[in-house]
Structure formats: structure tokens, C-alpha cells
Amino acid sequence: MTKRRIILDCDPGQDDAVAILLALASPEEIDLLGITTVAGNVPLTLTESNARRICELAGRPDIKVFAGAKRPLIRDLVTAEWIHGRTGIDGANLPDPTMPLQDRHAVDFIIETCLASEDNSITLCPIGPMTNLALAFMKEPDIIPKIQEIVCMGGAVKEFGNTTPAAEFNIYVDPHAAAKVLDTGIKFTMMPLDVTHKALVTPERLQRMKDMNSPVGDVCGGMLDYFNRFDMTRYGFDGGPLHDPCVIAYLIKPGIFSGRQVSLDIETGSELTMGQTLADWWDIQEDKEKNAFICDDLDSDAFFDLLQERLSRLK
Ligand code: RIB
Ligand code: CA
């Protein structure tokens with residue numbers, strides 16, 4: 001398997017934090033070119049500093065972390081402290097970061113990295129609102145041929161939304177950005193709630209992380225203890241859904257996941273269904289371009305075995 005050269009665009013967030021750790025623990029499959037951050041779960045000042053906190057936890061102060069958009073393209077920012085806590089990574093109990101935040105804006109880092117790369121050589125991994133990516137495509141459309149694939153966490157197809165009945169958080173916060181990213185025509189792979197709601201951090205899986213007896217295991221245990229409670233209460237799940245690491249696990253072991261190529265549209269007109277990811281799952285409109293590969297299932301034991309094995313590499 002050819003190593004993926006990725007830019008991880010995120011809004012840490014406990015699940016984003018685990019995705020960062022999984023990427024850093026998988027150098028055979030992933031070359032993490034940089035982490036770009038966006039306002040989402042919590043404001044940008046927290047998402048960027050949380051990304052740096054997690055890199056330092058992993059012993060990687062060399063990783064380049066960039067701050068990006070402070071708000072969506074058009075709509076007002078909606079945050080999710082009610083799920084993630086005031087800090088965005090409640091339960092982690094990490095000190096303020098000492099590694100530097102990069103001076104360049106995240107959008108400029110995305111553009112410059114892509115322009116300096118071969119065609120089809122970059123994978124963009126948005127696991128928060130897609131504002132940074134949309135701004136990059138608007139500012140410099142010449143980066144489009146440089147991108148091999150966009151693999152995102154977002155959306156809800158056969159599932160209801162988690163932020164409105166129609167919309168999942170990442171897409172709801174910036175639906176215009178998500179629509180612009182989808183409209184680039186770049187190979188688009190989506191991990192919606194349909195699959196992430198099957199990646200549940202059950203008590204056994206959580207205990208296995210804590211039993212690593214490492215700083216990484218302790219922080220993941222504390223973060224997910226906090227993060228789990230909301231969805232377990234709302235949905236009656238026996239664990240919290242581990243949304244964002246599904247994107248990184250897909251890059252490492254795509255065979256864990258399954259889905260189908262369908263036509264996808266994103267609602268940006270109706271306030272009632274704003275941010276809905278409308279997929280033609282049963283190919284009713286046969287002539288429409290099937291512009292997205294959407295995952296709706298995974299081997300959850302294989303996913304958590306992979307996560308455990310990789311996180312245990314980080315001391
Ligand atoms: O709806 C889940 C998504 O919204 C995840 O990416 C989580 O981190 C939040 O950003
Ligand atoms: Ca996220």
C-alpha cells in the first residue's frame with residue numbers, strides 16, 4: 001500500500017483528538033503533512049491549542065499545526081460545548097501547549113502544500129466543518145488536480161441528524177462549505193453517522209484503553225469517559241460513537257469498512273433541512289452522477305483492535 005500524504009483538518013474535540021493520535025501512530029501508512037484547525041466543536045482558539053496539546057501528548061512537538069477559519073462561510077458559528085465540554089477535550093486534563101502554532105493561515109498551508117505536490121498525491125481529511133477546505137478551493141482552484149481523495153467524517157444518510165433531525169454537526173455548521181467541497185468533483189469518501197454510530201466505545205473497549213497504563217491510554221480513557229455520556233443517554237447506546245477516527249482507520253485498513261457509490265447532494269436552501277446530506281441510496285435517479293462513496297458499516301471489533309494496537313505504540 002502506498003503511504004498516504006494527508007492534511008488532517010479538525011476541530012478537537014475528543015474524537016478528533018483520538019484521530020490525531022491514530023494518525024501519528026501509523027507512520028507506515030500515513031505521512032501527516034500538517035494539522036489544520038477550524039472553529040467547530042469549540043472556538044478556534046481552543047481547537048488549535050487542543051491540537052497542539054494532543055501532538056505534545058504523543059511526543060510530536062514537531063508536527064505543524066495551523067489555525068484556520070474562525071467561523072463558517074456564511075452562517076453564524078454553532079459550537080458543541082454541551083457535548084465536548086468548555087475546553088473541547090474535557091476529560092483530557094492536559095497542560096497548555098508549549099509547541100508553536102504555525103504563523104501561516106491554515107488555508108494558505110493547504111494551498112501551498114498542494115501546489116508544491118504532484119497531481120493526485122494529497123489526501124484531505126476534514127473531520128470538522130469544511131470551511132478551510134472550501135476557502136482553499138475558492139482562493140486557488142488550481143489545487144484540485146493535486147488531491148487524490150477527500151475522506152471526511154460528516155453527514156447522515158439513513159440515520160437522522162445529531163444536530164437537527166436532518167443534519168449532522170459538521171455539515172450543519174457549514175453546509176455551504178461542504179457543498180463547495182463536494183462540487184469540486186474530487187473523489188469524495190464520507191463517514192456519516194450511519195457508520196460512526198456502529199463504532200461504539202463500549203465499557204470493555206474503554207477499559208482496554210485505560211489498561212494500557214500509558215499517558216495516551218489515560219488521556220483517551222478520560223476524554224472518552226466524558227465524551228461517551230451524551231450519546232449513550234440520548235440514543236441508549238452501550239458506548240459513545242467514535243466518529244472521527246473512522247476516517248484515519250479507513251486510510252489504514254479500508255477493508256474494515258463497507259458502503260456504496262451513490263449520488264449525494266447537500267441542502268443549503270431550506271432552513272428546515274439545512275445541512276442534510278441527501279444520498280440516493282437506492283439509485284432512484286439513475287442518471288445522476290454518483291459523486292460520493294458513503295460508508296454505512298464497519299467491522300467494529302477490527303476497528304477497535306486496530307485502534308488499540310496503534311495507540312499502544314504511543315508511550
Ligand atoms: O457529528 C460528529 C462530528 O461533529 C465529529 O467530527 C465531532 O468531532 C464533531 O465535530
Ligand atoms: Ca470533529
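Both counts, for ligands and for their atoms, begin at 1 and track the order of listing.
L135 and I186 fall within the same hydrophobic cluster, where Ile, Leu, Val, Met, Phe, Trp and Tyr residues are linked whenever their side-chain heavy atoms come under 4.5 Å apart, directly or through other members. Follow the hydrophobic side-chain contacts under 4.5 Å out from M191 and you never reach V157; the two are in separate clusters. Linking Ile, Leu, Val, Met, Phe, Trp and Tyr whenever their side-chain heavy atoms come within less than 4.5 Å puts I54 and M209 in one cluster.
Here F304 pairs with nothing under the ring-ring contact (aromatic ring centres under 6.0 Å, His included) rule; sequence neighbours left out.
Between H105 and F66, the ring center distance fails the sub-6.0 Å criterion.
Checking G128 against the Ca ion (ligand 2), every N/O/S atom stays at or beyond the 3.0 Å cut-off.
Under the 3.5 Å distance criterion, the side-chain polar atoms of D238 are left unmatched by any main-chain donor or acceptor of T202.
With a 6.0 Å radius and a threshold of 12 heavy atoms from other residues, nucleotides or ligands, K180 has its NZ atom at or below the threshold. Applying the 6.0 Å contact sphere to NZ of K70 captures no more than 12 heavy atoms from other residues, nucleotides or ligands.
Closest approach between the Ca ion (ligand 2) and any N/O/S atom of D244 involves OD2. Shortest distance from the Ca ion (ligand 2) to D11 is reached at OD1 (N/O/S atoms only).
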Any protein N or O within less than 3.5 Å of an N or O in ligand 1? List each pair with its distance, or say none.
residue: ligand 1; atom: 1 (O); partner: N162; partner atom: ND2; Å: 2.9
residue: ligand 1; atom: 1 (O); partner: E168; partner atom: OE2; Å: 2.6
residue: ligand 1; atom: 4 (O); partner: N170; partner atom: OD1; Å: 3.2
residue: ligand 1; atom: 6 (O); partner: I127; partner atom: O; Å: 2.9
residue: ligand 1; atom: 6 (O); partner: N170; partner atom: ND2; Å: 3.0
residue: ligand 1; atom: 6 (O); partner: D244; partner atom: OD1; Å: 2.6
residue: ligand 1; atom: 6 (O); partner: D244; partner atom: OD2; Å: 3.1
residue: ligand 1; atom: 8 (O); partner: D15; partner atom: OD1; Å: 2.7
residue: ligand 1; atom: 8 (O); partner: D15; partner atom: OD2; Å: 3.1
residue: ligand 1; atom: 8 (O); partner: D16; partner atom: OD1; Å: 2.9
residue: ligand 1; atom: 8 (O); partner: N41; partner atom: ND2; Å: 3.1
residue: ligand 1; atom: 8 (O); partner: D244; partner atom: OD2; Å: 3.1
residue: ligand 1; atom: 10 (O); partner: D11; partner atom: OD1; Å: 3.3
residue: ligand 1; atom: 10 (O); partner: D11; partner atom: OD2; Å: 3.0
residue: ligand 1; atom: 10 (O); partner: N41; partner atom: OD1; Å: 3.2
residue: ligand 1; atom: 10 (O); partner: N41; partner atom: ND2; Å: 3.3
residue: ligand 1; atom: 10 (O); partner: N170; partner atom: OD1; Å: 2.8

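Around the Ca ion (ligand 2), the angle linking D16 (OD1) with I127 (O) is 140°, rounded to 10 degrees.
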